[in-house]
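Owing to the predicted nature of the structure, the values given are computational and were not obtained by experimental measurement.
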Amino acid sequence: MSSGRLGRDFYARDTLKVARELLGKRLVRVIDGERLSGLIVETEAYIGEEDRACHASRGRTPRTEVMYGPPGHAYIYFIYGMYHCLNVVTDGVGFPAAVLIRGIQPEESVEYMRRNRRFPPEGELTNGPGKLCQALAIDRSLNGLDLCQSDLLFIEETRAVDPGEIEVTPRIGIRTDEIAKRRPWRFLLGGKV
DNA sequence: TATACGATCACCT
DNA sequence: GGTGATCGTATAC
């Protein structure tokens, strides 16, 4: 069964809808012609300058520029001096919003990923935003990449997900304010917590 | 120029 | 449950 790549229209929508519907889709990274991939099982939405947890809450800067651009591009940032996080830009041009990919279930080239992560314990290969970037060798050199065009990084259509499998919770690691902390903008697939 | 800190993780107790 | 690693950004001087 062939799987098509998600097109611009998928990303050019309401961010919460995109965050929810990215669950179950296949994130694909190609290195030296080899496919590394996994099914997306955890996402978080970051929406607009009013969202204090969103990097764009402090306005347009060189770092946040990508989020203001067209949907379907990768926003990758470096954090805590050692990790990278992968987001996909959503909604329309000029409105800063993105979905953070927080977890995937490894599928293709698992051994390659395990090597990248220096052979972690079972279940800890790609269960976090920093971890999955390390496993897939994603860093800021890929920032701004168009996931609708690039052959290095993209997301593929998969089977439909049963809405009953989706869990919604507040976002993780928010330290800005109580309102941002409470927003139920984290989505998980299959009872994963 | 200088400084404080973060959408994290690994390792410790 | 706590903390150190480690550095790009934003912001203040």
[X] near the nucleic acid: base, sugar-phosphate alone, or nothing, with a heavy-atom cut-off under 4.0 Å?
X      : value
A:Y83  : base
A:G130 : sugar-phosphate
A:R117 : sugar-phosphate

I need the [atom1]-[atom2] distance between [X] and [N], as an integer number of Å.
X      : N     : atom1 : atom2 : result
A:I172 : B:dC9 : CD1   : P     : 11 Å
A:I79  : C:dG8 : CD1   : C1'   : 10 Å
A:I174 : B:dC5 : CD1   : P     : 18 Å
A:R175 : B:dC5 : CZ    : P     : 12 Å
A:L100 : B:dG6 : CG    : P     : 17 Å
A:I76  : C:dG8 : CD1   : P     : 16 Å
A:M82  : C:dT6 : CE    : P     : 5 Å
A:E42  : B:dA7 : CD    : P     : 16 Å

>> Regarding A:E49 and A:S57, do their side chains bring together a donor and an acceptor under 3.5 Å, going by distance alone?
In response: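 Checked: A:E49/A:S57 side chains show no N/O donor-acceptor pair below 3.5 Å.
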
When you get a sec, tell me which of [options] is the closest nucleotide to the side chain of [X]?
X      : options               : result
A:Y77  : B:dC9, B:dA7, C:dA10  : B:dA7
A:Y80  : C:dA10, B:dG6, C:dG8  : B:dG6
A:N87  : C:dT9, B:dA7, B:dC9   : B:dA7
A:P62  : C:dG8, C:dA10, B:dA10 : C:dA10
A:R140 : B:dA10, C:dT9, B:dA7  : C:dT9

> Does the side chain of A:H55 get closer than 4.0 angstrom to OP1 or OP2 of C:dT9 through an N or O atom?
Replying inline: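 For C:dT9, neither OP1 nor OP2 has a side-chain N or O of A:H55 closer than 4.0 Å.
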
> Is the distance from OP1 or OP2 of B:dT8 to the nearest side-chain N or O of A:R102 less than 4.0 Å?
Replying inline: yes

> Out of A:F78, A:Y46, A:Y77, A:Y68, which residue meets the ring pair (Phe, Tyr, Trp, His ring centres under 6.0 Å) rule with A:H55?
Replying inline: A:Y77

Flag the pair [X] and [Y] as a salt bridge only when some basic side-chain nitrogen lies within less than 4.0 angstrom of an acidic carboxylate oxygen.
X      : Y      : result
A:E167 : A:R186 : no
A:K17  : A:D91  : no
A:R171 : A:E44  : no
A:D177 : A:R182 : no
A:R5   : A:E156 : no
A:E107 : A:R26  : yes

>> For DNA chain B, please output the secondary structure as dot-bracket, reading 5' to 3'. Pairs are Watson-Crick or G-U wobble, both atom distances under 3.5 Å; mark crossing pairs with [ ], other-strand partners with |, unpaired with a dot.
In response: ||||||.|||||.

> Taking for each residue the nucleotide of DNA chain B bearing the nearest heavy atom, is the 5' side occupied by A:C54 or by A:E124?
Replying inline: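 In this pair, the answer is A:C54.
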
>> Distance check, P atoms only: B:dA2 and C:dT6, in whole angstrom units.
In response: 22 Å

